[in-house]
Amino acid sequence: MRQEPFVRAAALALALTGCQGGGAPGKSADSAAPAASLSQSDQLLLAAAKVALPPPGVAPGDLPDPSSRGAQLLVQYCAQCHALPAPTTHSLTDWPSVARRMWLRMEWLPPALGVKVPTTADRFVMLEYLTANALKVSGAVLPVGRGRDQFAVVCSQCHALPDPRVHSPEDWPTVYARMERNMERMLVRPPKGDASTEILMYLQTVAGKKPAARR
């Protein structure tokens, strides 16, 4: 019976989407009517389901090696229930548990919803693709610099800490702005005061440095 709340939330979300999808633009009062008729517990389930969804996804063509079997399976299965996740959403060590959790949820959904569940062979291909293109995390010791502690605390709330050198100094502002929007959507506490500026400055500064050569 543990799966019942998730199944009910998924069914409610799909039903509500179906009711709202046929409405004409500008009729917000009509589209809000189904939600008003829900019980408080059902509204809480829908709110929880919304928060738990992954951040805004990527287009199929923006996936690494989009013509590969792994990318095609990701589009086929993952996009059935939510936005298409980028492989960099999670690290190499996190993807196996995340993928297993998603597959279990898919198996729990009622057949009437028409959600296709990947075969064992497809799961191996998907997981290999996700881990091969996963978020590159930092080493045990982050490069020294102002903003390092804030970066470690704030960014580890949602995922493993990325290697600051994974993006260029020019690219970090765009990436960081996207992460801030994701935090807002996921209701994660954002950095306070000057912390946001210090984190971005740290990432840009460290991104321009090459790793020290080993002796």
Side-chain angles (χ1 to χ4, degrees), residues 2-3 5-6 9-10 48-60 62-66 68-109 115 117-143 148-167 171-172 174-191 199 202-203 206-207 211:
R2 289 180 303 169
Q3 69 268 37
F6 173 79
K50 180 179 179 182
V51 172
L53 289 175
V58 297
D62 293 332
L63 289 171
D65 194 6
S68 66
R69 179 64 176 161
Q72 292 174 356
L73 290 175
L74 209 67
V75 175
Q76 178 182 346
Y77 291 113
C78 300
Q80 294 180 103
C81 301
H82 52 67
L84 185 63
T88 51
T89 303
H90 299 289
S91 67
L92 170 69
T93 55
D94 290 338
W95 263 123
S97 60
V98 172
R100 283 194 293 269
R101 186 169 68 247
M102 293 299 102
W103 294 329
L104 185 59
R105 289 180 174 181
M106 294 169 75
E107 292 172 352
W108 281 346
L109 289 173
V115 175
V117 180
T119 64
T120 300
D122 285 347
R123 295 182 190 193
F124 276 112
V125 176
M126 293 170 67
L127 189 55
E128 183 178 12
Y129 173 80
L130 289 169
T131 53
N133 296 284
L135 174 71
K136 293 179 176 62
V137 300
S138 64
V141 179
L142 289 170
R148 180 183 66 173
D149 292 342
Q150 292 94 323
F151 165 66
V153 172
V154 172
C155 298
S156 64
Q157 294 180 97
C158 300
H159 50 68
L161 286 176
D163 187 332
R165 292 176 288 266
V166 74
H167 296 293
D171 288 342
W172 263 121
T174 301
V175 174
Y176 188 73
R178 185 172 70 247
M179 293 302 102
E180 285 189 314
R181 292 194 296 271
N182 290 344
M183 292 175 70
E184 180 180 355
R185 181 179 182 274
M186 301 293 288
L187 303 184
V188 174
R189 183 185 305 174
I199 292 173
Y202 170 75
L203 292 171
V206 175

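Please read these numbers as outputs of a predicted model, since none were measured by experiment.
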**OP:** Name all residues meeting the side chain to side chain contact (heavy atoms under 4.5 Å, CB included) criterion together with Pro66; count only those two or more places apart in sequence or in a different chain, and write none if there are none.
**Re:** none
Original post:
Listed by chain and number, what are the side chain to side chain contact (heavy atoms under 4.5 Å, CB included) partners of Ala132, not counting sequence neighbours?
Top reply: none
Original post:
Which residues satisfy the side-chain hydrogen bond (donor to acceptor under 3.5 Å, both in side chains) test with Glu184, sequence neighbours excluded?
Top reply: none
**OP:** Quick one: pull up CG in Leu203 and CE in Met179 and give me the separation to the nearest 0.5 Å.
**Re:** 11.5 Å
Subject >> Interatomic distance, Met106 atom CE to Cys78 atom SG [nearest 0.5 angstrom] >> reply: 7.0 Å
**OP:** Tell me, please, which residues at least two apart from Arg69 pass salt bridge (Lys or Arg N to Asp or Glu O under 4.0 Å).
**Re:** Asp122
Subject >> Heavy-atom side-chain proximity of Phe124 to Pro118 below 4.5 angstrom >> reply: no
Subject >> Results of side chain to side chain contact (heavy atoms under 4.5 Å, CB included) for Asp149 - residues two or more places apart only >> reply: none
Original post:
Nearest 0.5 Å, what's the CG-CG distance between Leu73 and Leu127?
Top reply: 12.0 Å
Original post:
Quick one: side-chain hydrogen bond (donor to acceptor under 3.5 Å, both in side chains) partners of Asp62, sequence neighbours excluded?
Top reply: none
Please list, one pair per line, the donor and acceptor atoms closer than 3.5 Å that link side chains of residues 95-104 to other protein atoms, with sequence neighbours excluded.
unit_1: Trp95; atom_1: NE1; unit_2: Pro87; atom_2: O; d: 2.7
unit_1: Trp95; atom_1: NE1; unit_2: His90; atom_2: O; d: 3.4
unit_1: Ser97; atom_1: OG; unit_2: Asp94; atom_2: O; d: 3.0

**OP:** Find the distance between OH (Tyr176) and OH (Tyr202) and round it off to the nearest 0.5 Å.
**Re:** 13.0 Å
**OP:** Output all residues satisfying side-chain hydrogen bond (donor to acceptor under 3.5 Å, both in side chains) with Gln72, sequence neighbours left out; order by chain, then residue number.
**Re:** none
Original post:
Heavy-atom count around Gln76 CD within 6.0 Å, excluding the residue itself: above 12?
Top reply: yes
Original post:
For the side chain of Asp171 and the backbone of His167, is there at least one donor-acceptor N/O pair under 3.5 Å apart?
Top reply: no
Subject >> Partners meeting side-chain hydrogen bond (donor to acceptor under 3.5 Å, both in side chains) with Arg178 (sequence neighbours left out) >> reply: none
Original post:
Does the Trp172 side chain pair with the main chain of Pro164, one donor and one acceptor, at a distance under 3.5 Å?
Top reply: yes
Subject >> Separation between OH of Tyr129 and CG of Leu74, rounded to the nearest 0.5 Å >> reply: 6.5 Å
**OP:** Check whether any side-chain N or O of Thr89 sits under 3.5 Å from a backbone N or O of Pro85 as a donor-acceptor pair, and report yes or no.
**Re:** no
